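First the structure, in the form of structure tokens, and then the observations on it.
On a predicted model such as this, the values are computed, not experimentally measured, just so you know. Numbers here simply count residues along the sequence, with the first being 1.
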Amino acid sequence: MKYLVRDKIFAIGDDYWIEDEHGRHAFLVDGKALRLRDTLELKDPSGYVLVTLRQKLFSLRGAMTVEQEGKALATIRRKRLSLLRNHFRVTLAEGTELDVSGRILDREFVVEYDGELLAHVSRRWLTLRDTYGVDVVREDADAALLIAIAVCVIRMAERERDEED
């Protein structure tokens with residue numbers, strides 16, 4: 001299933017619908033204003049919070065967490081000892097690790113588990129400006145989690161780029 005995500009919309013206080021490939025509302029991104037740290041909620045169409053994305057405070061290397069019902073579901077960090085600048089590791093709560101690699105700032109990257117493709121993020125399929133697609137390849141994969149991972153790595157890569165400038 002492919003999902004369409006508008007780029008540059010994740011400012012604090014912004015709300016935005018992510019649509020599925022048929023143009024139906026799939027997830028609502030709710031940017032929480034007046035918080036100490038970056039916080040976004042990903043909700044289903046009825047308003048139920050599926051996951052919360054938070055910037056980790058006091059992390060030596062930038063990190064973000066994806067939480068579900070107040071518990072950490074995943075932690076996202078830049079992969080250590082990688083020659084590629086665009087390589088992130090996602091550690092799920094039970095210890096499973098996912099790899100995110102590709103051209104993050106160009107919105108051309110993949111999310112894999114043990115070499116198996118879970119999701120492909122790309123702008124190539126779309127003619128809409130400032131939009132990228134998240135193609136969740138496995139039917140049994142958690143689409144909300146994979147979209148949250150894509151949003152987190154993009155935010156982290158952009159933050160690093162801005163700090164270098």
Side-chain angles (χ1 to χ4, degrees), residues 1-12 14 16-21 26-32 37-44 48-57 59 61-80 82 84-126 131-161:
M1 175 71 79
K2 288 182 183 169
Y3 297 91
L4 305 178
V5 183
R6 190 178 313 155
D7 217 352
K8 305 287 185 194
I9 51 84
F10 296 109
I12 299 302
D14 281 355
Y16 173 73
W17 281 102
I18 294 174
E19 298 176 347
D20 67 16
E21 60 193 321
F27 304 103
L28 176 66
V29 177
D30 184 358
K32 295 297 180 185
R37 56 188 174 169
D38 252 354
T39 303
L40 299 169
E41 291 179 341
L42 196 60
K43 299 178 178 181
D44 70 10
Y48 177 76
V49 177
L50 299 169
V51 293
T52 303
L53 292 65
R54 295 185 201 280
Q55 174 187 0
K56 274 191 94 143
L57 291 178
S59 175
R61 294 182 313 126
M64 290 189 76
T65 59
V66 179
E67 300 172 4
Q68 193 170 49
E69 298 177 355
K71 296 181 182 141
L73 184 62
T75 301
I76 298 122
R77 289 185 171 87
R78 176 165 301 288
K79 189 172 180 180
R80 280 197 236 183
S82 174
L84 302 172
R85 282 188 42 88
N86 292 303
H87 201 155
F88 289 81
R89 171 159 289 140
V90 180
T91 305
L92 302 180
E94 79 277 357
T96 302
E97 292 186 343
L98 308 179
D99 284 314
V100 180
S101 61
R103 296 185 324 271
I104 307 294
L105 294 173
D106 292 335
R107 310 316 187 249
E108 296 292 335
F109 59 94
V110 296
V111 181
E112 297 175 313
Y113 167 68
D114 201 22
E116 180 183 355
L117 182 65
L118 299 178
H120 181 212
V121 175
S122 180
R123 280 191 170 145
R124 276 185 262 164
W125 316 309
L126 307 169
T131 303
Y132 60 92
V134 177
D135 185 6
V136 177
V137 176
R138 285 188 45 165
E139 288 186 27
D140 62 342
D142 183 340
L145 175 62
L146 292 170
I147 290 169
I149 289 168
V151 170
C152 286
V153 297
I154 289 168
R155 287 179 81 84
M156 292 170 69
E158 286 180 341
R159 194 174 295 124
E160 285 179 8
R161 180 198 59 207

Name all residues meeting the side chain to side chain contact (heavy atoms under 4.5 Å, CB included) criterion together with Glu94; count only those two or more places apart in sequence or in a different chain, and write none if there are none. Leu92, Thr96

Taking only residues two or more places apart in sequence, or in another chain, which ones meet Val49 in a side chain to side chain contact (heavy atoms under 4.5 Å, CB included)? Glu41, Lys43, Thr52

To the nearest 0.5 Å, what is the distance between CG on Leu28 and CG on Leu42? 8.0 Å

Restricting to non-hydrogen atoms, name the atom on Ala72 and the atom on Glu67 that form the minimum distance, rounded to 0.1 Å. CA-CG, 4.2 Å

With Phe27, which residues qualify under ring-ring contact (aromatic ring centres under 6.0 Å, His included), at least two apart? Tyr3

With rounding to the nearest 0.5 Å, note down the distance linking CG in Leu145 to CD in Gln68. 8.5 Å

For Arg103, the side chain to side chain contact (heavy atoms under 4.5 Å, CB included) test, sequence neighbours excluded, returns Asp106, Glu108

Closest non-hydrogen contact found for Ala26 with Asp20 is CB-N, 4.1 Å

To the closest 0.5 Å, what do you measure between CG (Asp135) and CG (Leu117)? 8.0 Å

Minimal non-hydrogen separation, Leu146 against Leu118, with atom names: CD1-O, 4.0 Å

Any residue meeting salt bridge (charged side-chain N to carboxylate O under 4.0 Å, His left out) with Asp99, in chain and number order, not counting sequence neighbours: Lys79, Arg89

Considering only residues two or more places apart or on different chains, which pairs with a residue in residues 139-148 satisfy side chain to side chain donor-acceptor pair (under 3.5 Å)? Arg138-Asp140

For the atom pair CD1 (Ile149) and CZ (Phe109), what is the distance rounded to the nearest 0.5 Å? 9.5 Å

Looking only at heavy atoms, the pair that brings Ile76 and Met156 closest together is O-CE, 3.5 Å

Is any side-chain N of the basic residue among Glu158 and Arg107 closer than 4.0 Å to the acidic one's carboxylate O? yes

Taking all heavy atoms of Val110 and all of His120, pick out the closest pair and write down the distance. CG1-CD2, 3.7 Å

Could you grab the distance from atom CG of Leu40 to atom CZ of Arg155, nearest 0.5 Å is fine? 5.0 Å

On a heavy-atom basis, the closest approach of Ala74 and Val90 is CB-CG1, 3.8 Å

